[in-house]
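The shown structure was predicted, so the numbers you read here are calculated from the model rather than taken from an experiment. Below, chain A is the first sequence line, B the second, and so on; all start at residue 1. All values below were derived from every heavy atom in this structure, side-chain atoms included, with hydrogens, water molecules and symmetry-related copies excluded.
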2 protein chains.
Amino acid sequence: MKRTTLKDIAKALNTTIATVSRALHDNPEISDEMKNRVREVAKLYDYKPNSTALSLKFQKSYTFGVIFFTLNQYFTTQILSGLLQEATKNGYKLIVAESNYDPKKELELIQEFYELNVDGILILPSRKLNTKRFELENIIRDDVPFVIIDRTIYFEKKKIPFITSDDYVGTREGISHLIKKGYKRFAQIKGLDSSSISNIRYQAFLETLTRHKLEIDHRKIISCQEFTKEEGEELANQLMSLEDKPDVIFCISDMVAVGVLHALRKKGYRVPEDVAVLGFSNSNICEVCTPQLSTIHQPGVEMGKKSIKLILSNIKQKKDISDVKIVMKTKLIEREST
Amino acid sequence: MKRTTLKDIAKALNTTIATVSRALHDNPEISDEMKNRVREVAKLYDYKPNSTALSLKFQKSYTFGVIFFTLNQYFTTQILSGLLQEATKNGYKLIVAESNYDPKKELELIQEFYELNVDGILILPSRKLNTKRFELENIIRDDVPFVIIDRTIYFEKKKIPFITSDDYVGTREGISHLIKKGYKRFAQIKGLDSSSISNIRYQAFLETLTRHKLEIDHRKIISCQEFTKEEGEELANQLMSLEDKPDVIFCISDMVAVGVLHALRKKGYRVPEDVAVLGFSNSNICEVCTPQLSTIHQPGVEMGKKSIKLILSNIKQKKDISDVKIVMKTKLIEREST
DNA sequence: TTGTAGGCGTTATCAC
DNA sequence: GTGATAACGCCTACAA
């Protein structure tokens, strides 16, 4: 039941492994007769080259390591799908790991991936990885391409390519669309200040309102931590207990927006008449909730594919990708909640 | 920037790689002095053993190959999370692949995994893999453990371990609970007849009704293919256009159930007063929809963990697992739709 | 206590 | 046209 090797074939044909190897590679120096005999036996024995040996020989594993801060979100699994599709299409495998929001684990996983001789590393980091960016900068090796997906982390000296969705424009489009519809009192449920993603959306939110000469009420801008439905409910209640109630609640995630919807319904507010609710990501829950949730679509699958293309452009065409920053278009998806 | 090898350390210390290797393995034959010197240099050079070389040497990769028919469902990503947790905990990596419901691709992926020298293969097969079970049986190798998750496939000669959720008991509990509540006219939206999962739930559905001496109306039992919300809506409309309308619709998946809910609401039926709706899986959409969906919880994360434990019991303790069939408890989750 | 050499499976550079 | 051999990085039985 052991796998057949070149040696086995060589023995069977009373020749050497060198000849067998060459024959299987269709080396012109080998006679057609020998080639045929080798191929025949190879087929008979169901010979398959040993990829571990090849990895050792060529110092390449045709493997990428991928780290997700979680796989428990629709958006992240969409990215995984995209990564897988493009990777397998190009003959690469993916070793997948989940850090569960733990930046320390992310650093460890990166080290492990290097030890595994992966040909590249892609990471959807937790928000907190930014606090460990100095350690990260020291760990990252220059000879193995590294791509950061969805977030942006700035280093002292190193240049690392990023791939994100265009949350700035996405937010701007969403907000200005609502402004055009006549909404005026905008609230935002954002993430923590340490999140690059949250900050971009926050900036876009502020600047879009400012450009349209709308007042910005900072009591209507609050942060959530866990991005859960429960948190969304709680924060919505908080917002609706303000003297001057919002007529738009722009949320950091779809799940938070769903929580907001629930809270609003419980309190008897009509959506979108009294209050419009806008989510972010376009996950599978948007079509499920009532009213169906308007949101800003992030192209997860495409981002995954693009990430692999990017890393392969470095590996195959030796392109310098260290300066690359890919920003993928988002799209406003209007449903019933706005 | 090249990784340091035993050779580098040996050269630095004017000794041989054998000595270095032994010193690093704390071999008692090596003098303490040499050990210290080796360790020092190893640390200095940041030596890390080359796992590819070890794989080649020991014919083990500490890697499992995992195949998912899709990663686009909450349940499957829960399983992935469980697999990852337990695998990394035990020092194993996961190479992940997605077959996109294509049984041919599944067979190919299995072959590829063998060529990669994985130490085990786990698969959540597509329904259609059963049609290729003869080919599958021929492909599966006896020296690499193989585990089938979520579905059951029966072979001529080979014995393969399965791990599934107890859909029979889950269905029975769900249905009998509804019977106790006074519902009488049960409809089922099941999957195709070629699906082992669907059939188990179908059997449990029939037998539970029979045991409670309730009439079985076969016009109320219909199949869906894509498990989408749209299909759920369509089939619900079909069911509600029957002369004798059902007062329960038991669905093959949560997403289908959500479609049913939408259709019922559009037609003005009240849930759960006029019609109760029961889903399957307990995915994240259940709490999102209105009314919140009652469902039968499948323990995805636990199934993933258990699968790894199973395969490791074969690898580490040499246990024969070929006859194992693990059936994990489900749990009825009652929410607003029943 | 340490060194030598063979082998894991492959490719590539020499010879012949 | 084919064979022998070194090398990839590591471990280990056997020598010394």
In B/S/- notation, 5' to 3', how is nucleotides 9-16 of chain D contacted by protein heavy atoms closer than 4.0 Å? BBBBBB--
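Scanning residues 32-43 of chain A for heavy-atom distances under 4.0 Å to DNA chain C yields an empty list.
Scanning for ring-ring contact (aromatic ring centres under 6.0 Å, His included) contacts around B/Y74 gives an empty result, with sequence neighbours left out. Checked against ring-ring contact (aromatic ring centres under 6.0 Å, His included), A/F146 has no partners two or more places apart in sequence or in another chain. For A/E115, the salt bridge (charged side-chain N to carboxylate O under 4.0 Å, His left out) criterion is met by B/K48, not counting sequence neighbours. Every ring-ring contact (aromatic ring centres under 6.0 Å, His included) that A/F64 has, sequence neighbours left out, goes to A/Y92. In terms of the salt bridge (charged side-chain N to carboxylate O under 4.0 Å, His left out) criterion, residue partners of A/R39 (sequence neighbours excluded) are, by chain and number, A/D26. With sequence neighbours left out, A/E302 forms a salt bridge (charged side-chain N to carboxylate O under 4.0 Å, His left out) with no residue at all. By the ring-ring contact (aromatic ring centres under 6.0 Å, His included) test, B/F58 pairs with no residue at all, sequence neighbours left out. For A/D323, the salt bridge (charged side-chain N to carboxylate O under 4.0 Å, His left out) partners are A/K159, not counting sequence neighbours.
Residue A/S55 is classed as having no contact, given no heavy-atom separation below 4.0 Å to the nucleic acid. Within the nucleic acid shown, B/T16 comes within 4.0 Å of at least one base atom, counting heavy atoms only. Looking at heavy-atom distances under 4.0 Å, B/T52 makes no contact with the nucleic acid at all.
Looking only at atom types and distance, the side chain of A/T16 has a donor-acceptor partner in the side chain of A/T19 under 3.5 Å away.
Once you apply a 4.0 Å limit to the heavy atoms of chain B, the touched nucleotides of DNA chain C run 5' to 3' over C/dT1 to C/dG9.
Residue pairs meeting the salt bridge (Lys or Arg N to Asp or Glu O under 4.0 Å) criterion with at least one member in residues 55-84 of chain A: none, sequence neighbours excluded.
Atom CG in A/N14 sits about 13 Å away from atom P in D/dT2, given to the nearest Å.
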